[in-house]
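Heads up: the structure comes next, in structure tokens.
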Amino acid sequence: MFFEESKTMLVHYSPLLNSPLSSPVLVEPIHIARFDISSSLNSRTRHPVCSLIFQKPKLYVAATQCLSSDETQITEETSREAGGREDEDEDFQVVSAIKSSYNDIVIIDTAGSRLLLLDQTHNIHSIFYKGRNDHWTNSYWDEFAALPPIVPPGPIAIYGLGGGTAAHLLLDSYPHLEIEGWEIDDVLVDKSREFLGLADLETANGEGGVLKVCVGDALLPSEEMAVDGKYAGIIVDLFKEGKVLEEMPDVELWGRVKRRLRPGGRVMVNCGGAENVMADAGSRGGGGGDAWVVNLTVQAMWEAFKGELCWKKMPRNEGENYMAMTGGMPELEKWEASVPEKLRAKVWGWMPFPNVPSQ
């Protein structure tokens with residue numbers, strides 16, 4: 001690769017707290033020297049981001065990133081925000097930058113973590129913490145670790161594996177799990193193995209837990225994906241260019257996903273943010289007839305799963321993503337007792353759809 005080990009890039013970061021299009025989200029201590037990275041999320045897509053205003057935890061990098069089909073240098077055009085102090089400049093290291101058929105991939109190394117940035121939006125798609133015994137993020141990824149206790153025994157699929165943040169969380173919390181992680185980008189998989197600890201999960205641990213990585217499009221009605229009743233649970237976290245995939249609001253798609261579940265299985269989905277579509281809550285059984293802003297992916301899932309759907313809105317400091325989960329409402333007291341301590345208070349935020357989450 002063209003980067004040398006000592007090559008660093010001087011950056012500023014900005015939380016962009018006052019942007020009318022974004023809400024701040026604080027990702028659990030990602031430190032660049034003295035700084036925590038704060039993030040901003042687009043009001044439509046709710047995906048944490050890096051640079052400009054888009055979606056997943058977001059880092060503002062004052063540099064121009066030039067990518068080609070091979071690993072390339074990142075052109076450094078360091079600049080200083082007005083009023084910035086020189087002692088606020090800190091270093092991090094870009095350990096990989098490459099353009100694949102699907103993504104512009106940049107992996108950043110900091111003192112305590114590595115960040116996977118994708119797309120022209122430079123969204124943070126995965127976080128890998130170094131030297132820690134857990135991988136909690138204080139963002140929507142943590143919610144996925146609440147799924148295993150309320151599904152039957154069996155393998156769990158992740159559609160949109162990325163760098164493996166969700167897989168790390170699941171195997172940290174439930175070491176016995178068998179996980180099948182689907183990722184369309186083979187170059188991204190290779191880089192995640194090299195830099196983000198993905199390879200460690202592909203060897204069975206002492207309790208039999210393991211990640212099987214599958215390269216391909218998990219949403220296609222292919223022969224391999226058409227196995228009915230294969231999964232106890234399915235986690236869906238699929239974004240492109242800072243937005244949920246355009247297929248996500250498709251009722252037929254969720255019908256195919258539903259057939260892949262075992263009896264009693266559930267799907268948990270990061271649905272992004274609210275869409276500017278007004279719906280009548282009364283027409284969906286919510287009563288009152290009030291108009292409200294709705295997420296189109298949640299709507300499609302509600303129709304495909306015949307009204308058996310739960311949802312929650314993440315709090316403002318965790319990004320305000322909408323999360324959806326199929327099946328009836330779990331018994332919350334039992335669910336709380338069965339999840340890791342970090343998640344026990346969080347399960348109480350779930351409610352039956354179409355009740356409107358508190359703003």
Side-chain angles (χ1 to χ4, degrees), residues 46 140-141 143-162 166-167 170 174 177-184 211-212 214 216-240 243-272 275 277 279 283-286 294-313 321-331 335 347 350-355 357:
R46 317 318 303 171
Y140 75 86
W141 288 290
E143 295 290 329
F144 295 141
L147 181 63
I150 53 173
V151 298
I156 290 180
I158 300 173
Y159 293 174
L161 179 65
L170 290 171
Y174 314 97
L177 285 182
E178 295 180 19
I179 301 172
E180 198 169 276
W182 283 82
E183 173 54 54
I184 198 169
L211 169 68
K212 176 185 176 184
C214 304
D217 188 342
L219 298 184
L220 290 179
S222 63
E223 182 176 342
E224 185 175 3
M225 295 305 303
V227 179
D228 291 347
K230 182 176 183 179
Y231 301 118
I234 300 174
I235 288 167
V236 181
D237 187 21
L238 293 168
F239 282 71
K240 182 178 181 180
K243 301 178 182 180
V244 294
L245 295 189
E246 60 183 12
E247 301 97 321
M248 296 279 274
D250 180 4
V251 176
E252 183 178 341
L253 164 68
W254 294 110
R256 293 199 302 269
V257 172
K258 180 180 181 180
R259 291 191 292 272
R260 298 170 186 175
L261 289 173
R262 296 183 176 186
R266 295 177 184 262
V267 182
M268 186 181 285
V269 184
N270 174 17
C271 300
E275 304 287 348
V277 175
S283 69
R284 291 191 171 279
V294 71
N295 179 286
L296 297 179
T297 299
V298 178
Q299 276 189 309
M301 293 177 66
W302 186 85
E303 294 180 27
F305 285 85
K306 310 300 182 185
E308 290 193 349
L309 191 71
C310 314
W311 72 331
K312 74 179 292 186
K313 183 180 180 182
N321 292 49
Y322 284 84
M323 305 293 294
M325 180 175 66
T326 63
M329 270 296 294
E331 189 175 333
W335 193 14
V347 303
W350 287 89
M351 63 186 70
F353 183 80
N355 288 358

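For the single chain, residues carry numbers from 1 onward in sequence order.
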Query raised in the report: Does atom NZ of Lys240 have more than 12 heavy-atom neighbours from other groups under 6.0 Å away?
Result: no
Query raised in the report: Of all heavy-atom pairs between Trp182 and Gly216, which one has the smallest distance, and what is that distance?
Result: CE3-O, 3.8 Å
Query raised in the report: Taking all non-hydrogen atoms of both residues, which atom of Ile179 and which atom of Ala167 are closest, and how far apart?
Result: CD1-O, 4.1 Å
Query raised in the report: Do you know the tightest heavy-atom contact between Ala304 and Gly255?
Result: CB-N, 4.0 Å
**Report entry** Val244/Val269 under side-chain contact (heavy atoms from CB on, under 4.5 Å): CA gap, chis, key distance, verdict
**Finding:** CA-CA 11 Å; Val244 294; Val269 184; over 6 Å; no
Report task. Please report the closest heavy-atom contact between Cys271 and Asn295, naming both atoms and the distance. Result -> O-ND2, 2.7 Å
Query raised in the report: Can the ring centres of Phe305 and Trp254 be said to be less than 6.0 Å apart?
Result: no
Query raised in the report: Does the side chain of Phe144 come within less than 4.5 Å of Asn270's, by heavy atoms?
Result: yes
Requested in this report: For the pair Trp335 and Trp350, name the ring-plane relationship: parallel under 30°, tilted 30 to 60°, perpendicular over 60°.
Outcome: tilted
Query raised in the report: With sequence neighbours left out, what residues match Glu183 under side chain to side chain donor-acceptor pair (under 3.5 Å)?
Result: none
Report summary line: Correct closest heavy-atom pair for Leu147 and Arg266 would be CD1-CB, 3.9 Å
Report summary line: Heavy-atom closest pair (Cys310 atom, Gly327 atom, distance to 0.1 Å) is SG-O, 3.4 Å
Report task. With the side chain counted from C-beta on, respond yes when Thr326 and Lys258 share a heavy-atom pair under 4.5 Å apart, and no when they do not. Result -> no
Requested in this report: Please tell me if the side chains of Glu143 and Asn321 come closer than 4.5 Å, counting only heavy atoms from C-beta onward.
Outcome: no
